[in-house]
Every structure is written in C-alpha cells, then in structure tokens.
> 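This is the structure I want to talk about, given as structure tokens.
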Amino acid sequence: MTAPYALLAAALVGLGLHGVLAHAEPLRRLLAFNLLGSGVFLVFGVVARRGAAAGLEADPVPQAIVITGLVVAFAATTLAVALLLRLHGGDPPQD
Amino acid sequence: MSVLADGFTLLCVGAGLVFLLAGTVGLLRFPDAASRLHALTKADGLGLGLIVLGLLPQAAGLLGALKLMAIWGLVLLAGATVGPMIARHATGGSGR
Amino acid sequence: MEATPAGSSLVVLAVMLPVAAATLAPLLGARGAQRAIVLGLLPASLAVAAAIAAAVLRTGAAIPVHVGGWAPPLGIAFRADGLSAAFLLTSALVMGATAIFAGRTGLGAAAGTGRAPLAFWTLLPALWAGVNLAFVANDLFSVFIALELLTFGAIPLVCLDGSRETLAAALRYLMFALLGSVLWLLGVALLHGTYGVLDLVLLRGAVRPDAATILAAVLMTVGLLAKAALFPLHLWLPAAHAGAPAAVSAVLSALVVKAAFFLLVRLWFGTLPALLTPALAGLLAALGAAAILVGGVMALRQARLKLLVAYSTVAQLGYLLLMWPLVLGTGPEGTGAWLGGVLQAVSHALAKAAMFLAAGLIAVALGHDRVAALGPAGRAVPIGVLAFALAGLSLMGIPPSGGFTAKWLLLRAAIETGQWWWALVVVGGGLLTGGYLYRVLSSAIGGDGEATASVPLAPQAVALGLAMLSVLLGLLPLYSFGLVQIGRPGMAP
Amino acid sequence: MTLALDLLLAGAILVVAAWTVAARDGFAACFGFVATGLLLALAWVRLGSVDVALTEAAIGAGIGGVLLLNAAARLRGQETVDPGDVARPWQARGIAALCTAVAVALAAVLLALPVPAPGLAPAAAAALPPTGLGNPVTATLMTWRALDTLLEAVVVLLAVIGVWSLAPDAAWGGRPGPQVPPAEGPLALLARVLPPIGLVIGLHIVWAGADGPGGKFQGGAILAAMWVLAWMAGLVRPPPVGSRRLVLALVAGPAVFLMVGLAGLALAGSFLALPAGFSKPVILAIEAPLTLSIATGLALLLLGPPARAA
Amino acid sequence: MAEALLAAAFLALATVAAGLVRVLRGPAPADRMMAAQLLGTGGIAALLLLAAGSGGWAILDAALALAVLAAFASVAFVQAASGRSR
C-alpha cells in the first residue's frame with residue numbers, strides 16, 4: 001500500500017542529495033535541497049501511514065513533525081534566497 | 001433515486017474528463033501559443049465545471065456543495081485573470 | 001529518582017528564559033534587549049544553571065521533565081543530567097561574557113537602533129536557547145528544533161557586516177547546516193518508523209542493531225559531523241568563524257559547534273551504545289586525529305589572526321572525537337576518558353571564546369589582524385594579549401590549565417587501554433598548537449609599530465576572565481568533576 | 001485501481017523531480033519544483049495525511065514555489081559560480097555513486113520496516129477526547145508536542161529578523177520588499193476580488209483545524225499569500241521594518257504562547273500544561289494571535305529585506 | 001461507485017501527467033505558464049474525485065486552499081516570468 005511512496009521517498013532523497021552535492025549554482029542547490037526535504041518528509045508520511053491504528057488514518061505525530069518541518073524548510077529557503085539576492089542579485093527588477 | 005444520482009455523476013464526470021483531456025491535447029498539439037491558450041482556458045474551466053456539477057449530488061450537505069462551487073469559481077477567476085496576462089506576454093505586450 | 005517540581009521547573013527555565021528574551025527582543029529594540037539580556041537573562045541563567053548543577057549533585061540523579069505534563073512516548077521530555085548541568089553552566093558563562101563584551105564594543109547600544117544591533121541582540125539569545133535546548137533535550141525532534149534555532153541564529157550573525165566575503169561564508173555555512181539538519185531528520189523518521197518512539201531514554205531500551213537503525217545512526221552522525229565542523233566536513237568553518245564579528249565568533253566556536261558534539265555524545269553513548277563497535281569508534285577517532293593534524297598545520301600557515309584561531313578550532317574539535325575509542329576501551333565504569341573529553345569541550349569553550357574576543361580587540365587596535373605585524377598589540381591591548389596567552393596555555397595543554405587536565409586524562413586513557421597511537425596524536429597536536437601560538441605571541445610581544453585605535457579596559461577584562469576560568473579548571477581536584485558522571489546512561493547509579 | 005493510481009502518481013512525481021534537478025535553466029527548474037509540490041499534495045492525501053497535503057499545497061508548492069520563482073527571475077543568470085564548487089569528473093562519479101547507494105539503502109530499509117508498524121496512533125487516539133479537539137494532528141501540535149509548535153513560531157520570527165538583517169545599511173528603516181508600482185488590468189482586478197475570498201477561506205481553515213484538517217500554519221500561509229497578492233498589485237504597503245505595529249504583529253503569537261506556557265508552570269506545575277477541561281478555549285486563545293504572527297511572518301519572509309530607505 | 005470515481009481520479013491525474021510534458025519541454029515561458037495553469041486545474045479535479053471516491057470530504061478544504069493558492073501562484077509566476085523576459 002505504501003510501497004510506491006516508500007520507493008519514491010528514497011528516490012527523492014537520492015535525487016535531492018545529488019543535486020545539493022553536484023550542482024555549483026546556489027539556487028539549483030537550494031531547489032535540490034527542497035526536493036531532498038520533500039523526500040525526507042515523505043519518509044515520515046510512509047511511517048505515519050504504516051502506523052495507522054485506533055481509527056486514525058495515520059499516526060499524527062509524524063504528520064505534526066512534517067507540518068513543522070515544512071515551515072522550517074520554507075523559512076530556511078527565504079533566508080538562503082535573501083543571502084543569494086544580496087550576493088548576486090544586483091538591483092531588484094524595476095518595472 | 002440513488003441510481004439516478006450516480007448515473008448523473010458518472011455522466012458529468014466523464015464529460016468533464018473529456019474536456020480536460022481535450023485541453024491537454026490542445027496544449028500539446030496546437031501549433032501556436034494563441035490557439036493553445038484558447039483551447040486551454042475554455043476546456044479547463046468547462047471540464048472542472050462538469051466534474052463539480054457531477055459531484056454535487058454526492059457532496060455531504062450544503063456546505064460541501066458550496067465549497068465545490070467555490071472551488072470552481074476560484075478556478076474560473078484564476079483562468080480569467082491569468083489567461084489575458086499570458087496572452088499579453090505571449091504576444092509581446094508590455095505585460096502591464 | 002523522583003524529581004522535585006522545582007528541579008524540573010529549573011530545567012524548563014534554562015531553555016525558556018532565552019527563548020523569551022529572543023521573542024521580546026524585537027519589541028524592546030536593541031538597547032532595551034541588551035539591558036534585558038545583561039541585567040536580567042545573564043544573572044538568571046547563571047543562577048538557574050548553578051541550581052540545576054546543585055540539584056543534580058544533591059540527588060545524584062538526572063532531572064527528568066515531562067513538558068506540559070505529558071509523559072513520553074506521546075509527550076516531550078527534557079532530561080538534565082550532570083553533563084547537561086556542566087554545559088549549561090558553560091553556556092551561561094560564555095554567553096554572558098560575550099553579551100557584556102558586545103555591549104562594551106561595536107554592538108553596544110551606543111551603536112544606535114541600526115540593523116546590526118537589533119539582529120545581534122535578538123539572535124544571541126536565540127543561540128543561547130538553541131544550545132541550552134540541545135543540552136537538555138531528550139527527544140529526537142526537539143533536538144532538530146534546537147539545531148534549527150542554532151542555524152537561524154548563527155547564519156545572519158556571520159554576515160552581520162554585509163561584506164561579500166562574509167555573505168558567501170554565510171551561504172556556505174547555511175548549506176552545510178541545512179544538510180546536517182535534514183540528515184538528522186531522516187534518521188529521526190527511520191527510528192520512529194522502526195521503534196515508534198522519539199524519546200531518547202525509551203529508544204535506548206528498545207534499539208536493536210538492525211539495518212534501519214544502523215542507517216539512521218550513520219545519517220544522523222554525518223549530519224552532526226557537518227554541524228560540528230568535524231573533519232572532513234569542516235570546510236565551512238574557517239571563513240564563517242573568522243568573518244563574523246568577534247563576539248559572534250566567540251559564541252560560534254565555543255558553544256554552537258559544541259552543541260553538535262554534545263548531541264553526538266548523547267546519540268552514541270546515551271542512545272545507541274548497542275551499535276558502537278570498536279571499529280566505528282576507531283573511525284571517528286581517526287577523523288579526529290586527521291582534524292588535529294590538518295587543522296594544526298593550516299593554523300600554522302594562516303596569515304590572518306582570526307583565520308588562525310578558526311583553524312585552531314578545527315584542530316581542537318578533533319580531540320573530542322578521540323573520546324570514542326577511549327571511553328569504549330575503558331568500559332562503562334571508566335571515567336578518565338569521559339571526563340577528559342568533557343573537560344576538553346568545556347575548557348576549549350572558555351579558552352576559545354577568550355581568544356576570539358582578544359583577537360577582535362587586537363584587530364580593532366591595529367586596524368588589521370595580520371599575524372606577521374602584531375607588533376604594537378602588546379602595548380596597545382596588554383590585557384587582551386595576556387588573555388590570548390593564557391587561553392593558549394589551555395589549548396596547548398600546559399599545566400596548570402583545564403586543557404592540560406583534559407589532554408592528560410585522554411593521554412592516560414590511551415596508554416591504559418593500550419591504544420598508544422592516540423597518545424601520539426594528542427602530543428603531536430599539542431606541539432602544533434604550541435607552534436601556531438608561538439607565532440602569534442612572538443609577533444605580539446615586544447614588536448614595534450603604532451596602534452591606530454585605543455581599546456577600553458572592560459572588554460579586555462572580559463576576555464581575561466574567560467581565559468582565567470579556562471586555566472583555573474585545571475587547578476580543581478579531579479573528584480570535583482564527579483558532576484559530569486551523574487546520570488550518565490549505562491553507569492551504575 | 002488504487003495501486004495503479006499510486007504508481008502513476010509516484011511515477012509522475014519522480015519524473016518531474018528528476019527533471020527539476022537536471023533542467024538546464026534555473027527558472028524552468030522552478031516550474032518543475034512547483035509541479036512536484038502540487039503532485040506531492042495529492043500523494044499526501046493518498047497517505048491519509050490531509051493536514052500535510054494542505055500544508056504542502058500552501059507552503060511547499062504555494063508560497064515556497066513563488067519565492068523560488070521570484071528569486072530565479074531576479075537572479076537572471078547573474079549567479080557567479082565559485083570554481084571550487086564545480087565538481088570534477090571523478091568527484092561527479094563519486095557523488096552519483098554515493099547518492100545511489102543512499103537511495104538504495106533507504107528503499108531497502110523502508111520496505112523492510114517492522115510489521116505491525118509501531119507508532120503513537122493508539123496513544124494519541126486515547127489522549128484525544130479530554131483535549132476537546134477532534135483533529136489528532138492539531139492536538140499533537142497544540143498539546144503533547146506544543147513545545148515544538150511554540151519554538152517553531154519563534155523560528156519564523158527569527159527568520160524574519162535574519163532576513164531583515166540582510167538589508168543594505170542604507171535601506172534599513174525602509175519598507176520590506178522591492179518597490180511595486182500600482183498594477184492595472186487583470187492583476188488589479190484579481191488583487192481586489194481574490195483577497196476577501198481568500199481571507200474567508202484562510203480563516204475557515206484555521207478554525208476548521210480544531211476538528212478537521214487545517215490549522216494556523218496552513219491558514220496563515222493563505223492569509224499571507226492574499227496580502228502579498230494585494231501588495232503585488234500596489235494596493236497595500238507594508239509598514240517600515242522595525243515599526244512598532246509590525247513587530248507587535250510578529251511577536252504577539254509566540255509571546256502569548258510563552259505566557260500561557262509560563263502560566264502552566266506557575267499554576268499547574270508544568271510548562272505548557274493546560275487547565276483540565278478548558279484546554280480547547282485556551283488553545284483557541286493561543287491560535288488567534290499565533291495565526292496573526294505566522295501570517296505576518298510568512299508574508300514578510302516572502303517579501304524579503306527592504307531594498308531602499310523609506 | 002467509489003471505484004468509478006477513483007478511476008476518474010486516475011484519468012484526471014493521467015491528463016495532468018500528459019500536460020506536464022509542456023512544463024518540461026517549454027520552450028517559451030508562456031507555454032510553461034499555461035501548463036502550470038492546467039496542472040492546477042487538473043490537480044484540483046483529481047483531488048475532488050479522490051475526495052468523492054474515498055468519502056473523505058475533509059479533503060475539500062485542501063482543494064479549496066489549492067484553488068486559492070493556484071490563482072495566487074499563477075499570477076505570481078506570470079509576473080516573475082514576464083519581468084524576466086523583458
């Protein structure tokens with residue numbers, strides 16, 4: 001039942017890790033890092049789904065962890081983007 | 001009654017899927033951006049509309065039905081806004 | 001074993017007081033936050049840390065806390081043992097000294113309401129909260145939150161001056177830090193999937209050496225190695241620690257990387273001892289040995305003082321990894337290697353903070369920090385140079401100093417357990433340390449030239465105070481360190 | 001049928017993700033990333049985690065995607081690459097081998113996880129009724145793991161301060177984000193019509209979180225997106241950084257949360273302990289300011305540091 | 001009935017997957033914008049059918065959020081992309 005997503009999670013972790021390590025452009029690294037994060041969150045998703053019991057569709061604790069983790073990942077990405085734009089961005093686009 | 005509702009659902013959902021598919025085929029096959037956009041916005045909104053219509057008898061209560069309608073309305077609104085923006089962009093307009 | 005409510009409240013306060021300071025700092029503004037931190041948070045944190053240490057000593061057991069009254073596995077637990085208490089005290093001392101130092105130098109309220117002061121006085125307590133949470137956390141995901149508090153606190157502080165170099169250093173640091181966090185999180189997912197719990201103590205009772213657990217352990221260890229800048233994942237550290245303002249460098253080198261080391265100790269000796277094999281411990285120590293040698297050689301070759309001090313951090317962190325085979329070799333009852341590792345971490349924290357603060361003052365006085373031209377420093381910043389020298393004694397391991405006791409304990413454990421090669425590394429590392437410190441001190445004392453700015457006495461005194469503490473640790477009799485053995489998992493109670 | 005659905009979904013996500021990593025153009029890769037996020041939201045529904053699906057749609061693909069796309073557009077290929085960062089061929093092969101090994105090991109481990117799966121679902125189901133909440137995920141975030149949520153809100157605040165600290169000194173005190181001229185045409189229309197609707201939906205999702213999927217992070221993200229939309233059309237302007245109003249909105253949530261926590265310590269003897277029987281009203285009282293702070297924080301993070309002085 | 005609705009969800013998803021080819025191939029930014037638009041609609045359709053098929057009407061809130069954000073995101077994309085091409 002969760003097998004397709006387990007395989008997907010593993011593949012996303014591998015892909016994301018590869019992007020983070022192999023890319024030289026910071027923005028691409030950042031994108032890859034976000035994919036790596038998605039893979040890790042999906043591992044929690046598989047774990048949560050497998051832990052479905054007592055009338056709950058999935059174990060709520062890993063779900064709560066993923067929600068927290070998604071917010072952290074977004075905040076980290078904004079910090080990285082702000083750094084990147086300060087380093088390389090030049091002037092913001094003038095319309 | 002239930003059989004009738006189910007039949008209605010299947011009919012509408014099926015038709016909706018056909019429109020969605022048509023939109024995709026248009027997006028993939030039409031030669032120029034303008035006609036692709038045309039195919040997309042029409043088929044898209046209509047396809048989702050039919051699916052929403054089909055699901056209405058299945059929805060739990062008035063609130064569910066209202067949410068379904070709201071979803072369709074939002075998609076139409078997005079299409080109506082973004083379509084012209086893309087068109088201006090594609091035809092080399094200033095975008096603003 | 002039953003904890004008093006007062007004891008558990010103290011542990012919560014150790015984390016929540018700095019959290020409250022970080023939360024309210026933007027509201028108070030830089031000046032108000034500085035006052036609140038120096039006059040309120042600093043004494044309160046020292047008192048809380050001392051009270052926790054006293055409570056742990058009195059009861060002879062760790063203080064468990066169930067946050068919100070929810071017991072694990074569903075709830076989150078804190079657990080303050082002797083090791084936590086020792087590190088909480090260290091963090092209160094170093095953070096407090098740094099806050100006083102920063103208030104008296106460029107980041108003080110005198111600098112006005114600008115961008116940098118607001119960021120500094122908000123993010124300093126955030127780092128404080130992060131390290132303290134790492135020291136008392138007993139939950140895999142709380143540890144992740146602690147690591148994130150550290151990341152979000154540290155990165156903007158590294159590039160506070162907004163220069164190109166420090167921005168690039170901060171970006172690189174961020175990438176390493178994020179990778180470290182995400183690897184830790186992946187390990188957490190696997191452990192939760194395998195055991196269904198996140199609590200460290202419960203996990204300890206449950207772990208089996210199966211594939212999922214081993215993979216999780218490897219991922220989490222690599223993540224922490226990246227965070228602790230332990231060789232070969234140290235590449236981000238020198239630029240980041242050397243580029244940051246002096247007060248920030250002090251906190252980063254003394255505490256932030258130590259938090260990751262602390263978690264590594266918790267993970268392997270506290271939670272996963274079932275997985276710890278001699279080969280693995282040897283591998284970690286080999287990385288440590290490489291760090292000692294590479295870091296030492298690189299420090300010898302640096303032309304700038306702050307970079308030299310930063311590479312010295314890479315080397316000194318290497319000693320910490322020697323703990324693994326030595327503690328393993330002496331068995332759970334062996335205390336020498338354990339104490340040696342902990343003492344190395346604490347004395348290095350105090351000494352390195354002093355060194356970075358002193359180096360910052362020297363750079364202010366001279367307008368540069370080229371090691372070859374430190375001539376006027378001895379006359380312009382005499383107390384600062386003295387602090388640097390005293391801290392250097394501790395790093396080299398010259399008696400009597402905390403660093404000496406630490407290295408001597410590691411040395412003795414290496415010989416007692418028949419692993420003499422680690423003893424060679426300790427001695428070789430000491431020689432390298434002596435080499436690069438000699439370069440600095442010989443240049444700084446008795447050279448000629450003119451200082452370009454004067455440095456007030458108070459910040460120099462802060463640096464000296466930290467350096468003296470690092471030395472004084474070595475004068476305490478060994479039995480007074482019994483604290484750090486209390487509540488150590490696997491020990492007889 | 002469900003297996004075919006899962007296989008198609010997982011396969012599509014994998015293809016788009018692989019393309020995102022491999023794409024030549026950074027801007028195009030961002031499109032791939034957003035598509036991945038959208039499909040991942042569907043995957044989360046299939047995994048029985050509608051709360052996470054909402055979060056992924058709102059934060060992962062939604063505002064996260066917009067953030068990255070804007071960054072890609074503003075960078076316009078100006079990124080300079082540190083030559084030391086470019087992998088040499090042997091390094092590239094090593095990295096590929098390492099990543100493959102990690103993925104294979106992870107897949108093997110995940111497929112061999114213990115059966116029956118251990119977990120906290122039974123414990124959570126048993127602890128749920130006294131809280132008065134109907135959604136176990138919200139209960140996890142607000143009661144037994146409330147500490148994580150509190151610190152999470154603090155992290156958002158720290159991120160805003162950190163992003164602001166990256167402003168050029170000359171721009172300090174200015175309004176966050178680049179300057180936007182008033183828009184005309186379809187954008188101006190949408191920016192007037194959509195935000196009121198989004199406001200209702202966002203608040204509904206916060207409110208619904210007590211008993212069904214939803215919550216402050218997801219609802220807050222929608223509120224933030226609506227405000228940013230109005231900002232994009234030049235209809236609203238953020239207050240200058242560091243202004244009292246703005247900082248109050250940012251701090252209110254974590255500050256109230258902290259006070260409730262400390263009240264628990266003083267009254268019930270345990271930090272964040274909620275009074276028995278009153279936990280639901282107290283939780284709602286925390287969630288209101290928390291939603292405000294999270295929405296403000298996310299919007300400010302999306303805007304970035306001020307680009308010019310006030 | 002549930003089975004039929006899940007099948008419909010599958011078809012909607014397949015349509016989305018086909019449309020993805022445009023996101024990936026481009027070549028013009030306008031094509032990508034259109035494809036993203038289709039992706040949003042198709043994704044919402046699949047979500048609705050999934051909700052109906054599995055009886056999990058709570059999913060509707062997710063679809064609602066997705067619809068609001070899809071509108072916001074597509075506008076932001078077009079803005080970003082046209083800012084870039086100029």
Side-chain angles (χ1 to χ4, degrees), chain A residues 3-15 17-19 21-22 24-28 31-32 34-35 38 43 45-46 48-61 63-64 66-68 70-72 74-75 77-79 81-86 88-90 92-93 95, chain D residues 6-7 10 13-14 17-18 21 26 29 33 40 43 47-49 51-52 55 59-60 64 67 71-72 74-75 78-79 81 85-87 92 95 99-100 102-103 106-107 110-111 117 119-122 124-125 136-137 140-141 145 148 152 155-156 159 162-163 166 178 181 217 301 304-305 307:
Chain A
Y5 298 106
L7 293 173
L8 173 65
L12 282 181
V13 167
L15 268 173
L17 196 60
H18 186 266
L21 298 177
E25 303 94 331
L27 184 71
R28 304 302 299 280
L31 270 171
N34 273 287
L35 284 179
S38 300
V43 173
V46 169
R49 181 57 158 185
R50 289 172 42 86
L56 302 184
E57 270 199 81
D59 185 347
V61 172
Q63 291 185 64
V66 174
I67 290 171
T68 310
L70 276 165
V71 179
V72 171
F74 172 74
T77 309
T78 59
L79 194 58
V81 162
L83 269 169
L84 256 178
L85 288 176
R86 186 76 203 285
H88 304 296
D95 288 296
Chain D
D6 289 333
L7 283 174
I13 296 173
L14 184 58
V21 171
F33 176 75
L40 275 171
L47 286 169
S49 307
D51 287 279
V52 182
T55 319
I59 295 177
L67 172 80
R74 282 174 64 179
L75 283 168
Q78 289 179 23
E79 280 177 274
V81 170
D85 281 354
V86 180
I95 290 170
C99 297
T100 313
V102 169
L106 189 56
L110 285 177
L111 292 179
L120 297 172
V137 179
T140 305
L141 286 168
R145 296 196 71 94
D148 291 345
E152 182 58 26
V155 162
V156 171
V163 165
L166 290 166
F217 291 119
L301 287 175

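By convention in this document, chain letters (A, B, ...) are assigned in the order of the sequence lines, proteins followed by strands, and residues within each chain are numbered from 1.
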> Under a 4.5 Å heavy-atom cut-off, does chain D meet the side chain of V13(A), its backbone, both or neither?
side chain
> Do you know the tightest heavy-atom contact between D59(A) and A121(D)?
OD1-N, 3.6 Å
> Which one wins on heavy-atom pair count under 4.5 Å against chain D: T77(A), V72(A), V66(A), T68(A)?
T68(A)
> What heavy-atom pair brings V163(D) and A82(A) nearest, and what distance separates the two atoms?
CG1-CB, 4.1 Å
> Taking all non-hydrogen atoms of both residues, which atom of C99(D) and which atom of G14(A) are closest, and how far apart?
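Minimum heavy-atom separation between C99(D) and G14(A): CB-O, 3.6 Å.
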> Heavy-atom pairs under 4.5 Å with chain D - which of G55(A), G19(A), A53(A) has more of them than the others?
A53(A)
> What distance separates L15(A) CG from L14(D) CG, expressed to the nearest 0.5 Å?
6.0 Å
> Who wins among T140(D), L106(D), L110(D), L166(D) for the most heavy-atom pairs under 4.5 Å with chain A?
L166(D)
> Looking at L7(A) and A107(D), what are the two nearest heavy atoms and their distance?
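So the two residues come closest at CD2-CB, 4.0 Å.
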> At a heavy-atom separation under 4.5 Å, does L17(A) approach chain D through its side chain, its backbone, both, or neither?
both
> Could you look at V21(D) and say if it's the side chain, the backbone, both or neither that has a heavy atom under 4.5 Å from chain A?
both
> For chain A, which of G119(D), A103(D), G60(D) has the most heavy-atom pairs under 4.5 Å?
A103(D)
> For L79(A) versus G162(D), what's the shortest heavy-atom pair and its separation?
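Distance-wise, the nearest heavy atoms are CD1-C, 3.9 Å.
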> Which atoms of V71(A) come close to chain D, meaning under 4.5 Å heavy atom to heavy atom: side chain ones, backbone ones, both, or neither?
both
> In terms of heavy-atom pairs under 4.5 Å, which option from A159(D), P305(D), A10(D) contacts chain A the most?
A10(D)
> Quick one: CD1 on I59(D) to CD1 on I67(A), what's the gap to the nearest 0.5 Å?
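Going from CD1 on I59(D) over to CD1 on I67(A), the span is 9.0 Å.
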> Can you tell me which portion of V81(A) sits under 4.5 Å from chain D's heavy atoms? Options are side chain, backbone, both or neither.
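Looking at V81(A), just its side chain touches chain D.
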> For the residue pair R49(A) and L47(D), what are the closest heavy atoms and their distance?
CD-O, 3.2 Å
> With sequence neighbours left out, what residues match A29(D) under side chain to side chain contact (heavy atoms under 4.5 Å, CB included)?
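For A29(D), the residues satisfying side chain to side chain contact (heavy atoms under 4.5 Å, CB included) (neighbours in sequence not counted) are R28(A), L31(A), T20(D), A23(D).
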> I'd like to verify something: which residue of G45(A), A32(A), A75(A) has the highest number of heavy-atom pairs under 4.5 Å with chain D?
G45(A)
> So which of L7(D), T100(D), L67(D) has the largest heavy-atom pair count under 4.5 angstrom toward chain A?
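Option with the top pair count is L67(D).
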> OG1/T55(D) to CZ/F74(A) distance, rounded to the nearest 0.5 angstrom?
13.0 Å
> Heavy-atom pairs under 4.5 Å with chain A - which of V102(D), I13(D), L120(D) has more of them than the others?
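Option with the greatest count: L120(D).
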> Please look at V137(D) and chain A and tell me whether the side chain, the backbone, both or neither of the residue comes under 4.5 angstrom of a heavy atom of that chain.
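It is both, since atoms from each part get that close.
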